[in-house]
Undergrad: 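Can you keep this structure in mind? I'll have questions shortly.
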Amino acid sequence: MRLIQFYRQSKAHQNYIVELLAFSPFFIMIISGLVMLVYHISENESLLIFGINKSSWLLFHKIASCVALLMVIWHLIQHAYWIKNLFSLKQKSKFKRVNTALFIVFTLAVLTALFSWLVFPETAISEGLKGIHSKLGFITIILFFFHIKNYFSWLKKMTLKLINYK
């Protein structure tokens, strides 16, 4: 109940709750993506990581990625003004470069994943797209951590407000 009341306070509070909800599936997607990178570079098809095989990790990664994608879309809807300003070249944020790079690289990672999975399944094109996706995914992880670092003080301030919320 306290979380819902906090959400209703202001746009900043709403953004914070969305960020909080989005973090878990995005983090799970990152971890499972890193595990998938191990499988991508490994020749051992019977390799188990934490007792889980490649196909199960892939399914887990796809599910986490779908949930994370929905949360990222929700996040971007809340920041629609940013996207509008980005494409109208009016964006003046001090974090413009990292945010723009993250937006572009994540979008390309999503597209390569979806095309390899849904449009060209089990083809040579799919394999090429998966290779591109893994590299874009790794770059996305790096940019994501810079994105979090850039907004860490805001996240910390909002977390303290939530903890002290009466």
Side-chain angles (χ1 to χ4, degrees), residues 2-42 49-50 52 57-58 60-114 116 129-166:
R2 185 169 115 164
L3 197 62
I4 293 169
Q5 290 173 334
F6 185 81
Y7 178 81
R8 292 180 180 166
Q9 293 298 311
S10 70
K11 185 170 172 121
H13 288 89
Q14 291 172 10
N15 284 342
Y16 175 77
I17 299 301
V18 170
E19 316 307 325
L20 202 59
L21 293 172
F23 184 76
S24 294
F26 201 82
F27 189 71
I28 292 167
M29 178 188 68
I30 287 171
I31 297 301
S32 61
L34 289 171
V35 168
M36 291 311 301
L37 281 174
V38 171
Y39 282 114
H40 186 69
I41 60 174
S42 174
I49 298 177
F50 300 116
I52 303 170
W57 273 111
L58 180 58
F60 185 66
H61 181 65
K62 286 180 178 181
I63 292 168
S65 298
C66 288
V67 173
L69 178 59
L70 293 174
M71 298 305 293
V72 168
I73 290 170
W74 188 8
H75 172 77
L76 292 173
I77 288 170
Q78 286 193 296
H79 298 287
Y81 63 90
W82 181 86
I83 295 171
K84 177 184 168 198
N85 289 337
L86 173 68
F87 289 110
S88 66
L89 303 176
K90 294 179 185 175
Q91 185 58 254
K92 301 219 186 310
S93 164
K94 65 181 175 178
F95 305 128
K96 177 185 177 180
R97 288 187 178 142
V98 170
N99 292 346
T100 302
L102 179 59
F103 178 77
I104 292 168
V105 173
F106 181 73
T107 300
L108 292 173
V110 167
L111 291 174
T112 55
L114 291 175
S116 73
L129 288 170
K130 287 176 188 174
I132 294 168
H133 172 75
S134 66
K135 289 160 186 63
L136 290 170
F138 191 71
I139 295 168
T140 297
I141 292 168
I142 294 167
L143 291 171
F144 172 72
F145 282 106
F146 279 109
H147 184 68
I148 295 296
K149 178 191 153 293
N150 290 341
Y151 293 97
F152 188 77
S153 62
W154 180 82
L155 291 166
K156 181 179 170 184
K157 178 181 85 172
M158 294 303 290
T159 300
L160 291 173
K161 281 185 178 183
L162 176 63
I163 290 169
N164 295 322
Y165 184 76
K166 296 184 184 356

Undergrad: Take atom OH in Tyr151; do more than 12 heavy atoms of anything else shown fall under 6.0 Å from it?
TA: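 For Tyr151, atom OH is crowded (more than 12 foreign heavy atoms under 6.0 Å).
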Undergrad: Minimum heavy-atom separation for Thr140 to Phe26, with atom names?
TA: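 In terms of heavy atoms, the two residues are closest at CG2-CZ, 4.3 Å.
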Undergrad: Would you say that Trp74 contacts Met71 through its side chain, given a criterion of any heavy-atom pair below 4.5 Å between the two side chains?
TA: yes
Undergrad: Taking all atoms of both residues into account, what is the closest heavy-atom pair of Ile52 and Tyr39, and its distance?
TA: O-OH, 2.9 Å
Undergrad: In the structure I gave you, are the side-chain heavy atoms of Leu69 and Met29 within less than 4.5 Å of one another anywhere?
TA: no
Undergrad: Should we say atom CZ of Phe146 is surrounded by more than 12 heavy atoms from elsewhere, each under 6.0 Å from it?
TA: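 No, because the 6.0 Å sphere around CZ of Phe146 holds 12 heavy atoms or fewer from other groups.
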Undergrad: Quick check: closest heavy atoms across Met36 and Leu58, and the distance to 0.1 Å?
TA: SD-N, 3.6 Å
Undergrad: Tell me the closest heavy-atom pair linking Val98 and Leu143, and the distance in Å.
TA: CG1-O, 4.0 Å
Undergrad: If you define the side chain from C-beta out and look only at heavy atoms, does anything of Ile31 sit under 4.5 Å from Phe60?
TA: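 A side-chain contact under 4.5 Å is absent here.
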Undergrad: Are any side-chain N or O atoms of Trp57 and backbone N or O atoms of Ile49, one a donor and one an acceptor, separated by less than 3.5 Å?
TA: yes
Undergrad: Looking only at heavy atoms, what is the nearest atom pair of Ala109 and Gly137, with distance?
TA: CB-N, 4.3 Å
Undergrad: Nearest 0.5 angstrom please: Phe103 CZ to Leu108 CG, how far?
TA: 10.0 Å
Undergrad: Around Phe138, counting heavy atoms of other residues, nucleotides and ligands shown, do more than 12 lie under 6.0 Å from its CZ?
TA: no
